[in-house]
Amino acid sequence: MPRLLGIGDNTVDVYLSEGRMYPGGNAVNVAALSARLGHPASYVGCVGDDAAGALILQALQAEGVDVTRCRQAPGLTSWSAIGHRDGDRYFVGSDAGVQGHWTLTDDDLTFAAAHDIVHTSIYSRLDDRLPRLRAAARVLSYDFSSEWTPALLKGVAPHLDVAFLSAGEGPDAAAQDLARTVAAHGALVVVVTRGADGSLAYADGTFTLQATVPTQVTDTLGAGDAFITAFLHHWTAHGDVPAALNAGAHEAARNCTVHGAFGHGAPVPAQHPALS
């Protein structure tokens with residue numbers, strides 16, 4: 001059973017309409033959702049010594065995620081303020097807090113090497129340390145979200161087994177060109193999610209297309225991370241790209257039916273800067 005390490009970014013998603021905050025961040029979500037799928041999972045990163053940091057650690061522990069190498073630093077945990085419209089979310093503001101206040105050590109790399117999958121993201125501030133993670137990881141996965149630049153793709157893709165990108169809705173040709181570009185830079189498998197237009201993967205010179213799975217949408221936050229989680233575990237275990245895309249689409253649909261990326265909401269402290 002593949003063991004996954006989420007390393008890097010974390011945040012609390014502050015739902016302004018509810019006055020509640022939910023643990024989140026791509027690396028946190030993938031670790032937590034891996035544990036929910038029944039896989040052993042760990043998280044390494046840095047949270048603040050505030051209520052939000054405590055919430056993230058408590059939620060991960062409740063899901064069975066190993067946080068023994070997670071750091072806490074004096075200061076504010078990263079946060080994102082979120083509004084909602086018809087079940088979909090939009091971002092109002094954010095602060096990275098203490099998220100980058102830690103150093104990847106040799107002990108962290110030894111810990112990473114004990115996992116089958118190491119997953120990180122554009123928000124994790126680890127791009128300059130990817131060569132060291134590459135050397136430690138059996139499978140190295142990275143989420144570019146929708147924030148990539150040509151220079152970033154060129155610098156990061158050579159280290160990756162699996163690259164995830166969000167392209168939004170649009171022509172098949174544009175998403176396919178993007179996938180080919182990332183593969184040409186060195187990524188073994190490239191997955192492009194496209195909102196309501198589904199997703200596609202490019203591997204071994206072949207494209208596979210996947211439609212979205214109909215669902216009752218409560219909250220779309222975390223759906224992309226659920227997709228990533230299911231894809232990674234299925235592909236790592238079986239090497240079957242079409243089946244992994246299908247597993248990702250179904251898990252993303254399921255995740256749209258819950259609040260937050262993986263629940264564990266709590267009231268936002270009255271003085272939290274997201275409420276300003």
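Every heavy atom of this structure was used, including side-chain atoms; hydrogens, water molecules and symmetry mates were not.
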Novice: Testing the basics here: between Trp79 and Val14, what is the closest heavy-atom pair and its distance to 0.1 Å?
Specialist: CB-CG2, 4.4 Å

Novice: Does Cys46 offer a backbone N or O that forms a donor-acceptor pair with the side chain of Asn10 under 3.5 Å?
Specialist: yes

Novice: Between Gln99 (side chain only) and Thr77 (backbone N and O only), is there a donor and an acceptor less than 3.5 Å apart?
Specialist: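 The answer is no, because no donor-acceptor pair under 3.5 Å joins these two groups.
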
Novice: Measure the CG-OH distance between Leu126 and Tyr142 for me, rounded to the nearest 0.5 Å.
Specialist: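 Going from the CG atom of Leu126 to the OH atom of Tyr142 covers 8.5 Å.
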
Novice: Quick one, Ile122 and Asp143 - any side-chain contact, counting heavy atoms below 4.5 Å?
Specialist: no

Novice: Should Phe262 and Met21 be regarded as members of a common hydrophobic cluster, given that ILVMFWY residues are connected when their side-chain heavy atoms come within less than 4.5 Å of each other, either directly or indirectly?
Specialist: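 Cluster IDs for Phe262 and Met21 match.
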
Novice: Hey, are Ser145 and Tyr123 close enough side-chain-wise for a donor-acceptor pair under 3.5 Å?
Specialist: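 Present: a donor and an acceptor within the cut-off.
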
Novice: What pair of heavy atoms forms the shortest contact from Arg129 to Thr103, and how long is it?
Specialist: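 In this case the closest contact between Arg129 and Thr103 is NH1-CA, 4.1 Å.
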
Novice: I'd like to check Leu57 versus Cys70 (side-chain heavy atoms, cut-off strictly below 4.5 Å). Are they in contact?
Specialist: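 Yes. Closest side-chain heavy atoms under 4.5 Å.
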
Novice: Judged by atom type as modelled, is there a donor-acceptor pair below 3.5 Å linking the side chain of Arg194 to the main-chain atoms of Ser199?
Specialist: no

Novice: For Thr215 and Ala253, indicate whether the former's side chain and the latter's backbone hold a donor-acceptor pair under 3.5 Å.
Specialist: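 Yes, the answer is positive, given that a donor and an acceptor are paired below the 3.5 Å cut-off.
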
Novice: Given the rule in the side chain to side chain contact (heavy atoms under 4.5 Å, CB included) test, do Phe91 and Ile82 qualify, once you have shown the distances and angles that lead to the verdict?
Specialist: CA-CA 5 Å; Phe91 291 90; Ile82 296 171; 3.8 Å; yes

Novice: How far apart are the closest heavy atoms of Pro2 and Ile117, and which atoms are they?
Specialist: CB-CD1, 4.0 Å

Novice: Do side-chain atoms of Gln72 reach the backbone of Gly48 as a donor and acceptor pair under 3.5 angstrom?
Specialist: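 Checking the backbone N and O of Gly48 against the side chain of Gln72, a donor-acceptor pair under 3.5 Å is found.
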
Novice: Working to the nearest 0.5 angstrom, can you tell me the gap between Leu16 CG and Leu275 CG?
Specialist: 7.0 Å

Novice: Assess whether a salt bridge exists between Asp161 and Arg138, defined as any Lys/Arg side-chain N lying under 4.0 Å from an Asp/Glu carboxylate O.
Specialist: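 Looking at Arg138 together with Asp161, the answer is no, because their closest N to O distance does not fall below 4.0 Å.
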
Novice: For Ala223 and Asn255, which heavy atoms make the closest approach, and how far apart are they?
Specialist: N-OD1, 3.4 Å

Novice: How far apart are the C-alpha atoms of His233 and Ser34, what are their side-chain angles, what is the distance that settles it, and do they pass the side-chain hydrogen bond (donor to acceptor under 3.5 Å, both in side chains) test?
Specialist: CA-CA 8 Å; His233 283 292; Ser34 291; 2.9 Å; yes

Novice: Would you compute the distance between atom CD of Gln58 and atom CG of Leu60 and round it to the nearest 0.5 angstrom?
Specialist: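 Those atoms lie 10.5 Å apart.
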
Novice: Leu104 and side chain to side chain contact (heavy atoms under 4.5 Å, CB included): which single residue from Asp128, Val44, Ile7 fits?
Specialist: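 Exactly one candidate clears the test, Ile7.
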
Novice: After noting the C-alpha distance and the side-chain angles of Leu165 and Val190, does the key distance pass the side chain to side chain contact (heavy atoms under 4.5 Å, CB included) rule?
Specialist: CA-CA 8 Å; Leu165 305 97; Val190 183; 3.6 Å; yes

Novice: So, do Val189 and Val191 sit near enough that their side-chain heavy atoms are less than 4.5 Å apart?
Specialist: yes

Novice: Any ion pair linking Asp116 and Arg3 (charged N to carboxylate O, less than 4.0 Å)?
Specialist: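 Looking at Asp116 together with Arg3, the answer is no, because their closest N to O distance does not fall below 4.0 Å.
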
Novice: Linking I/L/V/M/F/W/Y whenever any side-chain heavy atoms sit under 4.5 Å apart, do Leu130 and Leu153 land together?
Specialist: yes

Novice: Which value, rounded to the nearest 0.5 Å, describes the distance between Asn26 atom CG and Phe144 atom CZ?
Specialist: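 So the CG of Asn26 and the CZ of Phe144 are separated by 12.0 Å.
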
Novice: Among side-chain atoms of Ser124 and Asp9, is any donor-acceptor pair under 3.5 angstrom?
Specialist: yes

Novice: Would a single hydrophobic cluster contain both Val118 and Leu109, if residues Ile, Leu, Val, Met, Phe, Trp and Tyr are joined by side-chain heavy-atom contacts under 4.5 Å?
Specialist: yes

Novice: Would you check if the side chain of Tyr202 reaches a backbone N or O of Val182 as a donor-acceptor pair within less than 3.5 Å?
Specialist: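 Checking the backbone N and O of Val182 against the side chain of Tyr202, no donor-acceptor pair under 3.5 Å is found.
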
Novice: Give a yes or no on whether the backbone of Thr257 and the side-chain of Arg254 come within a donor-acceptor separation of less than 3.5 Å.
Specialist: no

Novice: Which atoms form the tightest heavy-atom contact between Leu76 and Pro273, and what is the distance?
Specialist: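 In this case the closest contact between Leu76 and Pro273 is CD2-CG, 3.8 Å.
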
Novice: What about Leu152 and Leu133, same hydrophobic cluster or not, with Ile/Leu/Val/Met/Phe/Trp/Tyr joined at side-chain heavy-atom distances under 4.5 Å?
Specialist: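 Yes, Leu152 and Leu133 fall within the same hydrophobic cluster.
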
Novice: Within the 4.5 Å heavy-atom criterion, are Asn246 and Gln210 side-chain neighbours or not?
Specialist: yes

Novice: Answer with yes or no whether the side chains of His272 and Asp50 bring together a donor and an acceptor at under 3.5 Å.
Specialist: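 No donor-acceptor contact under 3.5 Å links the two side chains.
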
Novice: Any ion pair linking Arg20 and Asp13 (charged N to carboxylate O, less than 4.0 Å)?
Specialist: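 So Asp13 does not pair with Arg20 through a salt bridge.
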
Novice: Of all heavy-atom pairs between Ala244 and His234, which one has the smallest distance, and what is that distance?
Specialist: N-CD2, 3.7 Å

Novice: Passes side chain to side chain contact (heavy atoms under 4.5 Å, CB included), Trp235 versus Leu245? Steps please.
Specialist: CA-CA 9 Å; Trp235 179 77; Leu245 279 176; over 6 Å; no

Novice: Do Asn29 side-chain atoms and Gly25 backbone N/O form a donor-acceptor pair below 3.5 Å?
Specialist: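 Side chain of Asn29 to backbone of Gly25, a donor-acceptor pair under 3.5 Å: yes, one is there.
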
Novice: Got a second to check how far Glu251's CD is from Asp225's CG, nearest 0.5 Å?
Specialist: 11.5 Å

Novice: Quick one: list whatever passes side-chain hydrogen bond (donor to acceptor under 3.5 Å, both in side chains) with Asp108, sequence neighbours left out.
Specialist: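 Asp108 satisfies side-chain hydrogen bond (donor to acceptor under 3.5 Å, both in side chains) with Arg69, Arg71, Thr105 once adjacent residues are dropped.
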
Novice: Say you draw a straight line from CG of Leu221 to SG of Cys256; how long is it, rounded to the nearest 0.5 Å?
Specialist: 10.0 Å

Novice: Working note: Phe111 + Asp66, criterion side chain to side chain contact (heavy atoms under 4.5 Å, CB included); need CA distance, chi angles, decisive distance, verdict.
Specialist: CA-CA 11 Å; Phe111 185 68; Asp66 181 351; 3.7 Å; yes

Novice: With the 4.5 Å side-chain cut-off for hydrophobic clustering, are Leu33 and Met1 part of the same group?
Specialist: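 No, Leu33 does not connect to Met1 through the hydrophobic network.
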
Novice: Indicate whether the side chain of Ser146 and that of Ser166 have a donor and an acceptor atom separated by less than 3.5 Å.
Specialist: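 Ser166 and Ser146 do not have a side-chain donor-acceptor pair below 3.5 Å.
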
Novice: Between Thr206 and Asp204, is there a side-chain donor-acceptor contact under 3.5 Å, judged purely by atom types and distance?
Specialist: no

Novice: Will you find, in the side chains of Glu63 and His264, an N or O donor that is under 3.5 Å from an N or O acceptor?
Specialist: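 Result is yes, a qualifying pair exists.
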
Novice: Please verify the inter-ring angle class for Tyr22 with Tyr15; under 30° counts as parallel, over 60° as perpendicular, anything in between as tilted.
Specialist: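 Answer is tilted, since the angle falls between 30° and 60°.
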
Novice: Would you say the side-chain atoms of Ser42 and His115 include a donor-acceptor pair closer than 3.5 Å?
Specialist: yes

